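Computed from a predicted model, the values in this text were never measured in an experiment.
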Amino acid sequence: MQGSVRILAIAPYEGMKEQLLETAREFPEVEMVVIVGDLDVGLNLTMNRLQSDYDVLLSRGGTAKLLRQFLTLPVVEIKISGNDILRALKLANAHYGRSAVVGFPNITHEMEKLQGLLPYPIDTYPINNTEEALAILDRLTNSDYAALLCDMVTHTAASKLGLNTFLITSGAESIREAIQSALFIYQANRQLQLDNQFFRTLLQHQDSQTVVFSETGKLVYATRRDEKSELLHLLRSQMQQLPETDGGKLVLQSQGVRYQILPRRIQVQDQRYIAFHYTALAVSDTREKKGILYRNREQVEALSRQGIHALIEFPPGVVSQLRHAATQPQPILLVGEPGAGQRAAAHRLYLSGIRSDHPLIEIDCTLLRAKNWSYLLNHHRSPLYDAGNTLYFANAEALSADQLQSLCLFFASNNALKQNAILLSASAAQGEELAPAESMLTAHLACRILSLPPLRSFPQLIARLVHRYLAQAAIGLPAPLLDAQALQLLRSYSWPQNYRQLFRVLEQITVLAAGDTVTAETVQEALGQEVFLVSAALPDRRSAVLDISRPLAEIERTIARILLENNGGNHSQTAASLGIGRSTLWRMLKE
């Protein structure tokens, strides 16, 4: 019958089967199937049936208790009421002689409730299984009980021993009550199933996906059934590293796909779970996202220990300013010459800030094309529309005046400034100005400006940085030493590209150095390679006249004159090509 409640009933005896079927006819919405069996027999009969064909199970006493231990379907017990026991007492003429009740607790408990209402005593012997029933009945074999009132288990065993027994049966009112309870449970479960299906469907149609693990790492739920095992393993590996409080975000990469992940701890009564809500952000070769990088705290910390980031060391005054600025809510603009450590400073601000549990999203303005720029300002999945992150715009000087104005208008028209930490950096060669970037960002975003001094301002750092780099590059072997002339060359060099250039030169020195001492000749050759980075852009006929055996200052002056001639006497363009300011170029040409 379509839409009916399917009930499987296990009756301990044939007579009860007829009672169940008869009473079930009072409920047109019920479709009932009855099988006869008790305890293990009833369990085996039920296990052999397809449980998915039924909504609720009905049974009595010990069989109901046993079914609950092995089945997942709801089991409703057909109880023995006081009326059922009184009916059995009357049938046994218990008032004419000594009587006892032997049965499972569902019967003996009801009997104990009636004791105070009866004018004669009735002994009770509770049992929990067939073995206990046989032991008690064996003791009662030679007793003076005129009658024993039993459930089906004890009735069958007592009859074999020749005892005078009376079966306590469930009346129509008890069966009717059990069916009504089954209907109530069905309706409650049905509503829960509908709610569960609704929320599962709702989750499946969200932009983000959800995976839930138990606290032991067992997969409990996933919105996508085809979820890759690699991603599940990656999420499971993060469980032990999560903070005790919610609110942090993760950025992880699996098989070329970068995910933004929001973990949540969930507790339902005494059960604890960890849910991961995640969104695929970008595939490594997706051009649309080019120039937008997502990193979490662990990745930024690892990056700070590698390559050029491990070399950069700011003076104490700059370190103090960075530490203080990290606690402030206003946007921060990091300015300095090219390679002065803007990215390293931004990473330190992020790691010291209150949002370091959320991703650092780095937007390299030199890589943004029209499509990327449109995605950034207009797409609903752009990081600018998210909250709780640190947004770092690197190389802001590469933005046009129109782009800078669009960015400022965007921040002015929404809550991105309040919901995220905003960092920006811009570079200008010595003697150059940052306008319009600096003036527009400070005017419209009220940025706090942190100036990063050029490396040449702290020649005392050079020796420490060089020795640190050479020691790390030696990989456990004795680090090579610099002779006095080599160190003086490095300390007196102008370093127009600052840390970036120092790192590049030190890489060359480690390749060129022979033996355990770095000589002035080695440093001269490494610095000469820097000259060729500039001369490589010149016409072949101009590059051919360079003689790197001459002093470095003369080589640089020759390069400057060639570039100036090639640029038609334009001093600004020539200074920009060399990465220096116009005043520096002027002094270089006069010497």
Side-chain angles (χ1 to χ4, degrees), residues 51-52 55-56 68-75 185-284 289 294-300 354-361 380-383 385-390 419-420:
Q51 295 180 54
S52 59
D55 301 308
V56 187
R68 289 192 181 107
Q69 296 177 9
F70 293 94
L71 305 180
T72 56
L73 279 177
V75 178
I185 290 175
Y186 167 78
Q187 293 296 340
N189 279 353
R190 178 66 175 163
Q191 187 59 49
L192 286 174
Q193 290 171 358
L194 291 174
D195 290 346
N196 185 277
Q197 184 178 358
F198 168 76
F199 286 114
R200 283 175 178 263
T201 304
L202 185 65
L203 284 172
Q204 288 169 353
H205 289 83
Q206 297 296 310
D207 287 340
S208 64
Q209 303 296 328
T210 300
V211 169
V212 181
F213 296 100
S214 69
E215 60 180 345
T216 60
K218 180 181 178 181
L219 179 63
V220 175
Y221 172 75
T223 50
R224 290 181 53 178
R225 296 182 180 180
D226 61 340
E227 195 54 81
K228 300 177 179 62
S229 58
E230 293 82 0
L231 179 59
L232 294 179
H233 177 73
L234 187 63
L235 294 174
R236 189 181 285 110
S237 68
Q238 297 296 313
M239 290 177 58
Q240 301 301 321
Q241 305 174 31
L242 296 178
E244 288 300 321
T245 56
D246 291 338
K249 291 184 181 180
L250 304 172
V251 176
L252 301 173
Q253 186 164 319
S254 175
Q255 295 188 321
V257 181
R258 195 177 294 274
Y259 296 93
Q260 179 170 285
I261 301 162
L262 175 64
R264 289 177 53 210
R265 295 183 181 273
I266 301 173
Q267 182 163 345
V268 180
Q269 294 184 356
D270 59 343
Q271 299 295 315
R272 295 182 178 88
Y273 306 92
I274 294 178
F276 292 96
H277 306 283
Y278 63 92
T279 304
L281 293 173
V283 181
S284 57
K289 309 295 191 303
Y294 290 75
R295 293 189 178 97
N296 58 28
R297 182 183 182 89
E298 289 182 1
Q299 292 169 322
V300 175
I354 61 173
R355 301 186 189 274
S356 62
D357 286 336
H358 294 238
L360 169 68
I361 304 172
H380 71 281
R381 294 183 67 178
S382 163
Y385 290 94
D386 204 352
N389 303 319
T390 298
Q419 295 176 336
N420 301 277

Output the distance between atom OG1 (Thr216) and atom CE (Met239), rounded to the nearest 0.5 Å.
-> 7.0 Å
Hey, does the side chain of Gln299 reach the backbone of Asn296 with a donor-acceptor pair shorter than 3.5 angstrom?
-> yes
Listed partners of Arg297 passing salt bridge (Lys or Arg N to Asp or Glu O under 4.0 Å), at least two apart = Glu301
Ile185: partners by side-chain contact (heavy atoms from CB on, under 4.5 Å), with sequence neighbours left out | Pro74, Val76, Asn189
Under the side-chain contact (heavy atoms from CB on, under 4.5 Å) test, which residues partner Glu215, sequence neighbours left out?
-> Arg272
Report the residues that fulfil side chain to side chain donor-acceptor pair (under 3.5 Å) with Ser237, sequence neighbours left out, ordered by chain and then residue number.
-> none
Could you check if a side-chain atom of Tyr294 sits within less than 4.5 angstrom of a side-chain atom of Tyr259, using non-hydrogen atoms only?
-> no
Side chain to side chain donor-acceptor pair (under 3.5 Å) involving Asp386 - partner list, sequence neighbours excluded | Lys249, Gln260, Asn389
Report yes or no: does Arg355 contribute a side-chain atom to a donor-acceptor pair with the main-chain N or O of Thr390 at less than 3.5 Å?
-> no
Gln419: what forms a side-chain contact (heavy atoms from CB on, under 4.5 Å) with it, not counting sequence neighbours?
-> Ala387, Asn415
Can you tell me how far the CG atom of Leu235 sits from the CD1 atom of Ile261, to the nearest 0.5 Å?
-> 5.0 Å
With Tyr385 via ring pair (Phe, Tyr, Trp, His ring centres under 6.0 Å) - residues at least two apart | Phe410
